[in-house]
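One structure is given below, encoded as structure tokens.
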Amino acid sequence: MDMCVFLVEAEVGIATDRREGLRTLISRSRAAFQRRDQYVHGMSSVDGETLEWSTMRTRRSKAEPQFGPMNGDDLAQLVMELNELSGALMGWLISMDP
């Protein structure tokens, strides 16, 4: 994502309003991919008292682990969000075609 931000900032041919729209898409995508990474790279665990599933992920740059929910509703919502972001990015790219 950092490279995308760099390229957006470096491209002089993108109008200011279009650039801001892409920045917003990138920001939303970054957040969605962090949630996705929690599912993909996190360690699954279950709470012994509540029997609720969660994920735990550690990162090299952070001392504290990150915890996240692990349930079908959250995962379905994440899939829909990633799908919507994919379509929005494709629409942004198509609208740039001269």
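Numbering starts at 1 and runs along the sequence shown. All figures in this text were calculated on a predicted structure; none of them were measured in a lab.
- Using modelled atom types, one side-chain atom of Gln38 and one backbone atom of Thr55 make a donor-acceptor pair closer than 3.5 Å.
- Atom CG in Leu75 sits 11.5 Å away from atom CZ in Arg36 (nearest 0.5 Å).
- Atom CG of Asp17 sits about 9.5 Å away from atom CD of Glu20, to the nearest 0.5 Å.
- Side chain of Arg18 to main chain of Trp92: a donor-acceptor pair is present (N/O by atom type, distance under 3.5 Å, no hydrogens or angles).
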Please evaluate residues Asp74 and Arg35 with respect to the criterion side-chain contact (heavy atoms from CB on, under 4.5 Å), reporting the C-alpha separation (whole Å), side-chain torsions for both, the decisive distance (0.1 Å), and the verdict. CA-CA 10 Å; Asp74 182 65; Arg35 286 183 55 216; 2.8 Å; yes

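- Taking the salt bridge (Lys or Arg N to Asp or Glu O under 4.0 Å) definition, one finds that Asp37 meets it with nothing, sequence neighbours left out.
- Taking the side chain as every heavy atom from C-beta outward, Leu85 and Leu89 never approach each other to under 4.5 Å.
- A donor-acceptor pair under 3.5 Å links the side-chain atoms of Arg19 to the main chain of Ile14, judged by distance alone.
- Taking CZ of Arg57 as the start and CD of Gln34 as the end, the distance is 8.5 Å to the nearest 0.5 Å.
- The structure places CG of Leu82 at 8.0 Å from OG of Ser29, a figure rounded to the nearest 0.5 Å.
- Pro65 approaches Thr58 most closely through the heavy-atom pair CB-CG2, 3.8 Å.
- Separating the CG atom in Asn83 from the CG atom in Leu78 is a distance of 11.0 Å, to the nearest 0.5 Å.
- One hydrophobic cluster, built from ILVMFWY side chains closer than 4.5 Å, cannot hold both Met80 and Phe33; they sit in different ones.
- Residue-environment remark: OH (Tyr39) exceeds the threshold of 12 foreign heavy atoms within 6.0 Å.
- In this structure, CE on Met56 lies 3.5 Å from CE on Met43, to the nearest 0.5 angstrom.
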